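Small disclaimer: the values here were computed from a predicted structure and weren't measured. Counting convention: from 1, in listed order, for ligands and their atoms alike.
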Amino acid sequence: MSGFADYPKLDATSLADAIVSKRTSASAVVEAALARIAALDPRLSAFHTVLGDAARARARSLDEALAKGEPTGRLHGVPFALKSNMCVEGVETNCGSKILAGYRPPYTAPFVQRLLDEGAVLVGMTHMDEFAMGSSGENSAYAAARNPWDLARTPGGSSSGSCAAVAARFVPFSLGSDTGGSVRQPAALAGIVGFKPTYGRITRYGLVAFGSSLDQVSPFTRSSRDMELVMSVISGADEHDSTCLDLAPLEPERSDSVRGLRLGVPKEYFASGLDADVRREVEAAIGKLVELGATTVPIELPHTEYAIPTYYVVATAEASSNLARYDGIRYGPRKPGDGSLQGMIAATREAGFGPEVKRRILLGTYVLSSGYYDAWYVRALKVRRLIRNDFDRAFESVDLVVCPTSPTAAFKIGEKADDPVAMYLSDVMTVPTSLAGLPAVSVPCGFVSLEGKRLPVGLQIIGPSLADARVLRAARVFESATKHQAAIYSLEGAGA
Ligand code: GLN
């Protein structure tokens, strides 16, 4: 490995510090990241596009600026990756779909610009399920990323490549998007930290829309401290998105204790369907938090069982409306069809969308159609409210809720690909929080053994609306007492 020898082991904070204090250069770090990607990504498929030349040029100009004594940013020289549904001027943003092949946005999303303004260096765009619909990366029109802990398994989805890029230590952080769990579930399956903020904490301007009332930009990092740093850069008000909250950027809490925190343990999340080994690790993690001074309170979230059906009405309804714009006129490679306008649109959409996206457009159009609207869509909105009410009631007597992130460890690529309902159920523990708009983190909490492989397990910590900093504090305290996140899978050594 060339360049900065310690690079893959460092987290963003210390890496930026090391670069700024001239113990290395941004160029050396970026070269180390690019070398690692070139050597290992052919086996992982995290990246759709690697921006080698642009990253090198940017690193050089950061080094020059530092040499001249110009002010440096908090992420000076830190390489990062973006999910391919995020707009960067002139860089292909294809959403894992053929219908956006070659689409280069004319602007850069503000949450990306804020990272660049702090000195971070974009090294590439990552593979994802088409339009973020999926839980394994297999719905991509390009490639399904692999899990560095076992290359036969998925790193989760839909933010598969962004997750794999951090888990394989190509980059210290990346951005994904979480609509129903697409950052928390992969983080759990690949042994890293994934955080979905309170809805509205980060602007959605420049994030290609899937389910607009659910979508949130959500980072992946290797530690909760890094998560606090990245969140403090990308969160905060933005006039381009009317659903973005008019709040200052997130400020990490100073406390490094969980003493006195009341943790709600929802019985619905420990029911049948939860893998016994995952359960054991999550219960041990909760025990650790109690050892650290927190207390547990049994709680009930009685509408949990309706979350998946409710999500698949709300999310598909919104998707069917959002995806109407891909018509061969405004975006996308055009197919002539029978030569009529309708024929051209139909042929373009038939060729451009994959089967899962078509399934969701059909479902969403159905639940919004006159005659079915009240029975499906309006009813789902009512149940969504009941799910939020469950959480609001719980948070009257607890400070945080703790539970598993995913009912199982990473599953095999191909295992659920032909069974959409089994795939949908892998999000049963992340979807309720998305419907309720609440902040939730997945933090590594242990391992299970499957077919001779060690596979990570994630603990999910959920907070009340706007308690993002409290959620991250609890994750940080847990992490520094356990160090699960320090475990790494040696891709270089193993023949997996
Ligand atoms: N797996 C869920 C879905 O397929 C969630 C996706 C996401 O969060 N983007 O819709």
Side-chain angles (χ1 to χ4, degrees), residues 82-86 95-97 126-140 144-145 154-163 174-190 194-197 199 202 204 207-220 307-320 322-323 353-364 367 380 384 405-408 410-411 415-442 458 460:
L82 292 175
K83 188 173 181 177
S84 297
N85 58 354
M86 298 177 174
C95 287
S97 181
T126 59
H127 285 300
M128 58 182 282
D129 283 299
E130 186 173 4
F131 284 101
M133 298 173 186
S135 307
S136 69
E138 291 164 281
N139 294 334
S140 166
T154 171
S158 63
S159 309
S160 318
S162 283
C163 173
S174 65
L175 298 186
S177 62
D178 191 313
T179 301
S182 279
V183 161
R184 287 164 288 156
Q185 180 256 20
L189 270 40
F195 177 58
K196 185 197 87 70
Y199 181 81
I202 302 176
R204 289 183 298 109
L207 171 69
V208 178
F210 159 17
S212 308
S213 76
L214 300 153
D215 298 340
Q216 272 298 278
V217 171
S218 303
F220 290 105
I308 290 282
T310 304
Y311 171 82
Y312 278 94
V313 173
V314 173
T316 58
E318 295 184 12
S320 71
N322 278 324
L323 271 58
F353 289 134
E356 182 62 27
V357 174
K358 287 178 186 157
R359 184 179 299 125
R360 299 217 188 178
I361 291 173
L362 288 173
L363 272 171
V367 300
R384 181 178 191 176
T405 309
S406 161
T408 65
F411 49 92
E415 193 176 320
K416 304 190 189 200
D418 299 326
D419 185 349
V421 174
M423 192 69 91
Y424 296 174
L425 285 172
S426 63
D427 293 319
V428 62
M429 295 172 171
T430 49
V431 154
T433 341
S434 296
L435 288 166
L438 303 177
V441 71
S442 180
Q460 185 172 207

Separation between CZ of F210 and OG of S158, rounded to the nearest 0.5 Å: 7.5 Å

Parallel, tilted or perpendicular, as decided by the 30° and 60° cut-offs, for the rings of Y312 and Y424: parallel

Under 3.5 Å side-chain donor-acceptor pair for D427 and S135: yes

Protein heavy-atom partner closest to atom 7 (C) of ligand 1 - residue, atom, separation in Å: S182 OG, 2.4 Å

Euclidean distance, T316 OG1 relative to Y311 OH, rounded to 0.5 Å: 9.5 Å

Any M423 heavy atom less than 4.0 Å to ligand 1: no

Under 4.0 Å to a heavy atom of A132 - the qualifying atoms of ligand 1, by number: 6 (C), 7 (C), 9 (N)

Proximity flag Y311 to ligand 1, non-hydrogen atoms under 4.0 Å: yes

Modelled atom types, side-chain donor and acceptor of T405 and S442, under 3.5 Å: yes

Residue pair S162, K83: steps toward the side-chain hydrogen bond (donor to acceptor under 3.5 Å, both in side chains) verdict: CA-CA 6 Å; S162 283; K83 188 173 181 177; over 6 Å; no

G181 N/O to ligand 1 N/O under 3.5 Å: yes

Where ligand 1 meets D427 - atom numbers and elements under 4.0 angstrom, heavy-atom basis: 1 (N), 2 (C), 5 (C)

Atoms in ligand 1 with a heavy atom of M133 nearer than 4.0 Å: 4 (O)

Derivation of the side-chain hydrogen bond (donor to acceptor under 3.5 Å, both in side chains) call for Q185 and S406: CA-CA 6 Å; Q185 180 256 20; S406 161; 5.4 Å; no

Sub-4.0 Å atoms of ligand 1 with respect to non-hydrogen atoms of R360: 3 (C), 4 (O), 10 (O)

Per-atom contacts, ligand 1 versus G134 - under 4.0 Å to a heavy atom: 1 (N), 2 (C), 3 (C), 4 (O), 6 (C)

Ligand-residue contact atoms, ligand 1 with Y312, heavy atoms, under 4.0 Å: 2 (C), 3 (C), 4 (O), 10 (O)

Test item, A315 contacting ligand 1 (heavy atom, 4.0 angstrom): no

